[in-house]
Amino acid sequence: MYRFGVCREMQARAHKLALNWFNSSFIVSRSVYSLPFATVEVEKISGSQPAEVRNLVQGRWTESSNWSTVVDPLNGEPFIKVAEVNETELQPFVESLSKCPKHGLHNPFKAPERYLLFGDVSARAGHMLSQPEVSNFFTRLIQRVSPKSYQQALAEVYVSQKFLENFCGDQVRFLARSFAVPGNHLGQQSHGLRWPYGPVAIVTPFNFPLEIPILQMMGALYMGNKPILKVDSKVSIVMEQMLRLLHNCGLPREDVDFINSDGKTMNKLLLEAKPQMTLFTGSSRVADKLAVDLKGRIKLEDAGFDWKILGPDVQQVDYVAWVCDQDAYACSGQKCSAQSILFMHENWATTSLISKLKDLAERRKLEDLTIGPVLTCTTEKMLEHINKVLELPGSKLLFGGEPLKNHSIPNIYGAIKPTAVYVPLDEMLKDNNYELVRKEIFGPFQIVTDYKQEQLPKVLDALERMHAHLTAAVVSNDPQFLQDVLGKSVNGTTYAGIRARTTGAPQNHWFGPAGDPRGAGIGTPEAIKLVWSCHREIIYDVGPLPQDWEIPPST
C-alpha cells in the first residue's frame, strides 16, 4: 500500500530524529527503557539477544508450543522468535470470537459510551506516537524487520499518528451518525444506522507492518466490532508492541485478539470461527481463495499492477522524474501502490526523462536503505522475469537488471538494483505477451513504454485488460486529456495533474481499489464505514391509530 508523500513537518521530524540508523547510541537505548509499554530494545535485537513475539487472546498474552524464527533481512542472523499457533491450539481464539455477538461490542443502542472510550484511546495513542522517542522506537523497529529508509519508515509512523489524531474526541461517534426519513403517518419514521458485524478478522502483509494493521484494526474497533488480527509473522513484532502501547492508553485487553500463525492455520481458524467479515490485504491469489472459502464475507485491498500515464504537455521534467523514481523504487518497490508501468506520450519520449530517472535510480544504495532486500521474491526469480521480458521483440534494458553487490542479505530474499525495461506498446498488447508484461513483481522493477497521440485508445485498452485497479496517475494539466483518461479508467485511488503519483497516500483521503464489489478502503471515515459496518434500517411505527380505525377487508 502507499507511500512517499512526506510533508515538510515530517521531513523536519525525520532530520531531527534520524540518528544514524545503524547507531546504537546511549540516547536511543535510554529512551527505550523509558517507554512504559515496550518489551524490546530495538537496537539490541540480535542472534545473541533475540526478541520474542507472543499472542493475545481473551485479554492474555500467551505463548505456544512452537517458536518460529525470523532472520534479520540484512544479514540472515536469526533475531526474532515468534510464538506461532498451530492447528491444535486454535480453540481459545475460536471461543474468544464466539463470545462477541453479531450486534457487536457496541452500537448506537448498546454501550454508546464506548464510542467516547475509543476517542480517548485514540487521543492518548496519537499523542504518544508524536513523542520523538516513541516515534523513533517504531521507525527503527519497522526498519529492522521491513528494511526501508528512515524517512519512509517514519512516514508510516506519522500517518498512523495523524490517523489516530483524526479520531479523537467525538469523531468516533460521528462515524455512527444516522439519518431519519419521515414516514407515511404520525408516529412512523425510518432511521438508517451504521451497524457493526461483531466478530471480524484482519489479515495484513509485511510491507507496512504498522500502518495497515493499525488503521484497519482501529476502524473495526470504532464501529463496535471485535477483531482478531494476524500480521505477517516476519514483521508482527511491530503490531505486538503497538498493541501494548494501546493497552497502556486504555484499550481494553479483551477487545482485540492477536495471533501469529502460518497461512494454513489462519485459514482453518477463519473456517472454524466464522467471523462475520474478514479484511484481507495481500496477494490477489490468496484473496480469491479466501473469497470462496468465506463465502463472500470478505473485503479486499489486494495487489495492483499500477500504471502511470504521462500526457502530451511536457513540463517540470526534473520533478516528474523524481516522482517516478519514488513511485517505482522507494521501499524497494514493495508497495501495492508502486508504479509498475509507465506510459510516456511521444512528447516525453524525446526529453531527458529516462536519463534523469536512471540517474535517480543509481543514487539509491543499501547503506541508507533507499534500496534493500525484497522479502517476497528472490534475486533469481526477479532476474528470470526480467530476462523473459527482454526476449520480446524491441524490448531493451533501460537500467538496472543486476544483483546488488557487497551485501549480506540472505538468499531467501531478493536484492537487485532498481530496474526498468522498455517494451514497445504494440508488442506488449499482443495476447501471448500481455500477461507476461503485466505480471506484478513486488520489487524494484517497472515496465516503460511510449505511445503516439493516436495510440491513446491502445493505452486505454491496456488499462481495461488489467484485473486489479488500485492506484494510478495521470500526469498532465491538459483538462481534455485528463477527462478522456479518467473517464475511461477505473482505479480507486487515482492522482491527476502534473504532480500526480501512484504512491504517497496519507491518512486524509481514501486509499483502496475500485471496480470490485469486494474492494476495501483505508484511512477515511468513508473507508471505515464501508469496511467495518453495514446498513441497518429501523422503522419506528408507534402510532397513534386513528380513533375510527377498523379491521379492513383481507387483501
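Residue indices begin at 1 and follow the sequence shown.
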Residues Glu240, Arg244: salt bridge by 4.0 Å N-O rule: yes
Backbone N/O of Pro50 and side chain of Lys81: donor-acceptor pair under 3.5 Å: no
Heavy-atom donor-acceptor pair, Arg536 side chain to Trp195 backbone, under 3.5 Å: no
Test item: Met242 and Leu141 side chains (from C-beta on) under 4.5 Å apart, heavy atoms: no
Glu165/Gln161 under side-chain hydrogen bond (donor to acceptor under 3.5 Å, both in side chains): CA gap, chis, key distance, verdict: CA-CA 6 Å; Glu165 291 174 354; Gln161 172 207 330; 2.8 Å; yes
Derivation of the side-chain hydrogen bond (donor to acceptor under 3.5 Å, both in side chains) call for Gln339 and Lys308: CA-CA 7 Å; Gln339 177 179 305; Lys308 178 181 289 181; 2.8 Å; yes
Flag side-chain contact, heavy atom, 4.5 Å: Leu164 against Ile214: yes
For Tyr495, ring-ring contact (aromatic ring centres under 6.0 Å, His included) partners two or more places apart: His509
Check: Val94 and Leu269 side chains under 4.5 Å, non-hydrogen atoms: yes
Ring pair (Phe, Tyr, Trp, His ring centres under 6.0 Å) contacts touching residues 254-274 (sequence neighbours left out): none
Arg438/His467 under side chain to side chain contact (heavy atoms under 4.5 Å, CB included): CA gap, chis, key distance, verdict: CA-CA 10 Å; Arg438 59 152 295 280; His467 76 274; 2.5 Å; yes
Heavy-atom donor-acceptor pair, Asn75 side chain to Glu77 backbone, under 3.5 Å: yes
Distance in Å, Leu366 CG paired with Leu369 CG, rounded so as to fall on 0.5 Å steps: 6.0 Å
Distance in Å, Cys331 SG paired with Phe208 CZ, rounded so as to fall on 0.5 Å steps: 4.5 Å
Any donor-acceptor N/O pair, Asn260 side chain to Arg54 backbone, under 3.5 Å: yes
Whether Glu156 side chain and Leu210 backbone form a donor-acceptor pair below 3.5 Å: yes
With sequence neighbours excluded, residues passing salt bridge (charged side-chain N to carboxylate O under 4.0 Å, His left out) with Glu113: none
Main-chain N/O of Leu375 paired to Gln334 side chain as donor or acceptor, under 3.5 Å: yes
Electrostatic pair Asp262-Lys268, nearest N-O below 4.0 angstrom: no
Reported CG-to-CH2 distance for the pair Asn491 and Trp307, which is rounded to 0.5 angstrom: 5.5 Å
Verdict with reasoning, Tyr158 to Gln507, per side-chain hydrogen bond (donor to acceptor under 3.5 Å, both in side chains): CA-CA 9 Å; Tyr158 180 83; Gln507 70 296 330; over 6 Å; no
Partner set under salt bridge (charged side-chain N to carboxylate O under 4.0 Å, His left out) for Asp170, not counting sequence neighbours: Arg173
Expected output: side-chain Glu89 to main-chain Ser65 donor-acceptor under 3.5 Å: yes
Atom pair NZ (Lys529) and CE (Met223), whose distance is rounded to the nearest 0.5 Å: 7.5 Å
Gln216: partners by side chain to side chain donor-acceptor pair (under 3.5 Å), with sequence neighbours left out: Trp532
His127 atom NE2, neighbour heavy-atom count above 12 within 6.0 Å: no
Glu87 CD to Glu272 CD distance, which is reported to the nearest 0.5 Å: 8.5 Å
Rounded distance [0.5 Å steps], CG in Asn55 versus OG1 in Thr62: 4.5 Å
Backbone N/O of Asn207 and side chain of Lys148: donor-acceptor pair under 3.5 Å: yes
Those residues that, when tested against Ser122, pass side chain to side chain donor-acceptor pair (under 3.5 Å) (two or more places apart): Tyr222
Test log, rule side chain to side chain contact (heavy atoms under 4.5 Å, CB included), inputs Val374 and Ile416: CA-CA 8 Å; Val374 175; Ile416 68 168; 5.6 Å; no
ring-ring contact (aromatic ring centres under 6.0 Å, His included) partners of His191, counting only residues at least two apart: Tyr540
Ring-face cation contact, Phe280 with Lys289, 6.0 Å cut, 45° max: no
With sequence neighbours excluded, residues passing salt bridge (charged side-chain N to carboxylate O under 4.0 Å, His left out) with Lys110: none
Contacts of type salt bridge (charged side-chain N to carboxylate O under 4.0 Å, His left out), residue Asp120, not counting sequence neighbours: none
ring-ring contact (aromatic ring centres under 6.0 Å, His included) involving Tyr413 - partner list, sequence neighbours excluded: none
Residue Arg465 excluded, over 12 heavy atoms near CZ under 6.0 Å: yes
Test applied, side-chain hydrogen bond (donor to acceptor under 3.5 Å, both in side chains); reference residue, Thr471; option that passes from Thr502, Asp306, Thr493: Asp306
Check: Arg144 side chain, Ile45 main-chain N or O, donor-acceptor pair, under 3.5 Å: yes
Among Lys99, Lys226, Arg114, salt bridge (Lys or Arg N to Asp or Glu O under 4.0 Å) partner for Asp255: Arg114
Residues Phe93, Lys230; criterion side chain to side chain contact (heavy atoms under 4.5 Å, CB included); working and verdict: CA-CA 12 Å; Phe93 296 91; Lys230 181 200 173 335; over 6 Å; no
Any residue meeting side chain to side chain donor-acceptor pair (under 3.5 Å) with Lys234, in chain and number order, not counting sequence neighbours: Asp232
Side chain to side chain donor-acceptor pair (under 3.5 Å) involving Glu95 - partner list, sequence neighbours excluded: none
Test item: Asp257 side-chain N/O and Gln58 main-chain N/O as donor-acceptor pair under 3.5 Å: yes
